[in-house]
Amino acid sequence: MFSLIIPVYNEEDLIDELAARSIRAVESFTNNYVILFINDGSNDSTLRKLIEVRKHHSRIKIVDLSKNFGHQAAFTAGLEMALGNYVAMMDGDLQDPPELLADMYRMVKDE
């Protein structure tokens, strides 16, 4: 099992693209995965958009923090929920492309 942890804070404009690209990227190397979106107290429609995405993708899980605890705390919450032997963490702003996950996964598996 592979877990991808993505904290998000007020990312309503990116959720659809972020989810689609992340799902495509992960499914390029495994079908045994979960994507954990950690909503870090967003005050826009981020949570609503995540719930909509989850309706179509059962491998998406949402952790909704009660307030903005910060980036590192959101990652920690995700690590506590992660499943499997392989875990990746990625920011939700698409600064780092999800498409790099396949190469990273292969490098870890080859060692």
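As the structure is a prediction and not an experimental result, all values here were calculated from the model. Excluded from the calculations below are hydrogen atoms, water molecules and symmetry mates; all remaining heavy atoms, backbone and side chain alike, are included.
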Item to check | Residues I62, R54; criterion side-chain contact (heavy atoms from CB on, under 4.5 Å); working and verdict | outcome: CA-CA 8 Å; I62 302 167; R54 183 180 61 190; 3.8 Å; yes
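- Donor-acceptor pairing under 3.5 Å is lacking for the side chains of E12 and T46.
- By the criterion of side-chain heavy atoms lying less than 4.5 angstrom apart, applied directly or through intervening Ile, Leu, Val, Met, Phe, Trp or Tyr residues, V26 is grouped together with I23 in one hydrophobic cluster.
- Heavy atoms only, all atoms of each residue included: G92 and E11 are closest at O-CD, 4.0 Å.
- Of all heavy-atom pairs spanning A82 and V87, the tightest one is CB-CG2, 3.8 Å.
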Next on the checklist: Walk me through whether I5 and M90 qualify under side-chain contact (heavy atoms from CB on, under 4.5 Å).
Outcome noted: CA-CA 6 Å; I5 301 166; M90 183 178 83; over 6 Å; no
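- Checked against salt bridge (Lys or Arg N to Asp or Glu O under 4.0 Å), K55 has the following partners two or more places apart in sequence or in another chain: E52.
- Under a hydrophobic clustering in which Ile, Leu, Val, Met, Phe, Trp and Tyr are joined whenever their side-chain heavy atoms come within less than 4.5 Å, directly or via other members, V108 and L4 fall into the same cluster.
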Next on the checklist: side-chain contact (heavy atoms from CB on, under 4.5 Å), that's the test. Do N39 and L65 meet it? Break it down for me.
Outcome noted: CA-CA 6 Å; N39 182 41; L65 301 180; over 6 Å; no
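- With contacts defined as side-chain heavy-atom distances shorter than 4.5 Å, the pair R59/I35 does not qualify.
- Between the D40 side chain and the G70 main chain, a donor and an acceptor come within less than 3.5 Å of each other.
- Nearest approach of Y33 to E27, heavy atoms of both residues: OH-OE2, 2.7 Å.
- No continuous path of ILVMFWY side-chain contacts below 4.5 Å connects Y86 to M1, so the two sit in separate hydrophobic clusters.
- With hydrogens and angles disregarded, a donor-acceptor distance shorter than 3.5 Å links the side chain of S3 to the backbone of L83.
- For the residue pair I38 and G78, the shortest heavy atom distance occurs at CD1-CA, 3.6 Å.
- For the residue pair A88 and F2, the shortest heavy atom distance occurs at CB-CZ, 3.7 Å.
- In this structure, the side chains of K49 and V53 stay at 4.5 Å or more apart for every pair of heavy atoms.
- A search for side-chain contact (heavy atoms from CB on, under 4.5 Å) contacts involving A102 returns S28, F29, R106, not counting sequence neighbours.
- By the criterion of side-chain heavy atoms lying less than 4.5 angstrom apart, applied directly or through intervening Ile, Leu, Val, Met, Phe, Trp or Tyr residues, V63 is not grouped with L14; the two fall into different hydrophobic clusters.
- Taking CD of E17 as the start and CG of L94 as the end, the distance is 5.0 Å to the nearest 0.5 Å.
- In terms of hydrophobic clustering, with Ile, Leu, Val, Met, Phe, Trp and Tyr side chains grouped at heavy-atom distances under 4.5 Å, V8 and I51 are assigned to a common cluster.
- Summarising the geometry of S42 relative to N10, their closest heavy-atom pair is OG-N, 2.8 Å, with the distance given to 0.1 Å.
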Item to check | Verdict with reasoning, F75 to I6, per side-chain contact (heavy atoms from CB on, under 4.5 Å) | outcome: CA-CA 8 Å; F75 272 133; I6 307 174; over 6 Å; no
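- Counting heavy atoms from C-beta outward, N43 and Y9 have side chains that approach closer than 4.5 Å.
- Atoms CG and CG, from D44 and L47 in turn, are 9.5 Å apart once rounded to the nearest 0.5 Å.
- Judged purely by distance below 3.5 Å, without hydrogens or angles, the side chains of T30 and N32 never pair a donor atom with an acceptor atom.
- Counting non-hydrogen atoms of other residues, nucleotides and ligands closer than 6.0 Å to CE of M81 gives a total of 12 or fewer.
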